[in-house]
Amino acid sequence: MEFDFEQPQTFEPAFRGINTFFLVRPPAISQVKKYIYPVLTIAQAAGIERVVFLSLLGAKRMAIVPHAKIEAYIKSLGLAYTFLRASFFMQNLSTTHCQDIRDNNEIFVPAGKGRTSFIDVRDIAAVAVKVMTEPGHENKAYPLTGNSALDYYEVAQIFTNVL
């Protein structure tokens, strides 16, 4: 089924026959009022009862981030929801930061000594499947993190040792 956040005519057909959907905000979309709100409004009109939204760890405390605005809009519509508030994706190191790591031997992130509990996107997917297929997860938010918090100096040392 075709779906494109910039093509509103694709929204309603994509929602036919389903009652729950998984929403991921594409990183390139920062104008959530323009591109995400209409999706949610049309989803509700098409009979969607619940949204499972891949949000951001800390979104509850950071009203300025797009994820917090989307969470608030979902609640304002009265849709049942499950918010998966994920930490930094481990795969960002092998995608977004890959070129800097490979070509410059550096990870350039303004994090200082801040620690992050990186999470594998496959673990996020496993949780998403569980909350979408089992009852009891309506109107809940789950923080999703990896099992240990590392700063980027530790991450760089791991890369140095392995590579």
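Counting begins at 1 with the first residue of the sequence.
By the salt bridge (charged side-chain N to carboxylate O under 4.0 Å, His left out) test, Arg122 pairs with Asp120, sequence neighbours left out. Applying the side-chain hydrogen bond (donor to acceptor under 3.5 Å, both in side chains) test to Gln157 and every residue at least two apart in sequence or in another chain returns Asn161. Considering only residues two or more places apart in sequence or on other chains, Asp103 meets the side-chain hydrogen bond (donor to acceptor under 3.5 Å, both in side chains) condition with none of them. With sequence neighbours left out, Glu134 forms a salt bridge (charged side-chain N to carboxylate O under 4.0 Å, His left out) with Lys130. Applying the salt bridge (charged side-chain N to carboxylate O under 4.0 Å, His left out) test to Arg50 and every residue at least two apart in sequence or in another chain returns nothing. Here Lys140 pairs with nothing under the salt bridge (charged side-chain N to carboxylate O under 4.0 Å, His left out) rule; sequence neighbours left out.
For the pair Pro66 and Val32, the tightest heavy-atom approach, listed with the atom from each and the gap, is CB-CG1, 3.7 Å. Of all non-hydrogen atoms in Ala80 and Asn139, the two that sit nearest each other are CA-OD1, 3.3 Å. Of all the heavy atoms in Ala59 and Ala68, the pair that sits closest is O-CB, 3.4 Å. Contact between Ser117 and Ser87 at its shortest, heavy atoms only, is O-OG, 2.9 Å. When all heavy atoms of Thr10 and Asp4 are compared, the pair lying nearest together is OG1-N, 3.0 Å. The two residues Tyr153 and Gly112 come nearest to each other via the heavy atoms CE1-O, 3.6 Å.
Between Phe5 and Phe3, the ring planes lie perpendicular to each other; the angle is over 60°, past the 30° to 60° tilted range.
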Do Ile70 and Leu23 pass the side chain to side chain contact (heavy atoms under 4.5 Å, CB included) test, and can you show the C-alpha distance, the side-chain angles, and the key distance before you say yes or no? CA-CA 10 Å; Ile70 295 168; Leu23 175 62; 4.0 Å; yes
Run Met1 and Phe15 through side chain to side chain contact (heavy atoms under 4.5 Å, CB included) and show every step you take. CA-CA 9 Å; Met1 178 62 59; Phe15 295 127; over 6 Å; no
For a ring-ring contact (aromatic ring centres under 6.0 Å, His included) check, start with the C-alpha distance between Phe53 and Tyr81, then their side-chain angles and the critical distance, and finish with the verdict. CA-CA 7 Å; Phe53 174 51; Tyr81 62 85; over 10 Å; no
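With respect to Glu71 and Lys60, no salt bridge is recorded, no charged nitrogen being found less than 4.0 Å from a carboxylate O.
Among residues at least two apart or in separate chains, salt bridge (Lys or Arg N to Asp or Glu O under 4.0 Å) pairs with a member in residues 154-163 are Arg115-Glu154. Applying the ring pair (Phe, Tyr, Trp, His ring centres under 6.0 Å) test to residues at least two apart or on different chains, the pairs with a partner in residues 99-132 are Phe88-Phe118, Phe118-Tyr152. Residue pairs meeting the salt bridge (Lys or Arg N to Asp or Glu O under 4.0 Å) criterion with at least one partner in residues 15-31, sequence neighbours excluded, are Glu12-Arg16.
Connection of Val129 to Phe21 is not established within any shared hydrophobic cluster, with ILVMFWY side chains joined at heavy-atom distances below 4.5 Å, either directly or through further cluster members. The hydrophobic cluster containing Leu57 does not contain Leu93, counting ILVMFWY residues as joined when their side-chain heavy atoms lie under 4.5 angstrom apart, directly or transitively. Both Ile107 and Ile158 are assigned to one and the same hydrophobic cluster, defined by single-linkage of ILVMFWY side chains at heavy-atom distances under 4.5 Å.
A distance of 9.5 Å separates CD in Glu106 from CD1 in Ile101, rounded to the nearest 0.5 Å. If you take CG on Leu150 and CE on Met90, they are separated by 11.5 Å, rounding to the nearest 0.5 Å.
A donor-acceptor pair under 3.5 Å links the side-chain atoms of Thr82 to the main chain of His137, judged by distance alone.
The closest side-chain heavy-atom distance from Ile48 to Ile18 is below 4.5 Å.
Counting heavy-atom neighbours within 6.0 Å of Arg102 CZ, excluding the residue itself, gives a total above 12. More than 12 heavy atoms of other residues, nucleotides or ligands lie within 6.0 Å of CD in Gln7, so this atom counts as buried by the packing criterion.
Side-chain contacts under 4.5 Å among hydrophobic residues (ILVMFWY), followed directly or transitively, place Met62 together with Leu56, Ile64, Val65. Summarising the hydrophobic clusters (Ile, Leu, Val, Met, Phe, Trp, Tyr; side-chain heavy atoms under 4.5 Å, direct or chained), the residues clustered with Ile119 are Phe22, Val24, Val52, Leu54, Leu84, Phe89, Val121, Ile124, Val127, Val131, Met132, Tyr142, Leu144.
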For residues 34-41, tabulate all N or O donor-acceptor pairs below 3.5 Å that involve a side-chain atom, not counting sequence neighbours.
unit_1, atom_1, unit_2, atom_2, d
Tyr37, OH, Lys69, O, 3.4
Thr41, OG1, Tyr37, O, 3.0
Thr41, OG1, Tyr73, OH, 2.7

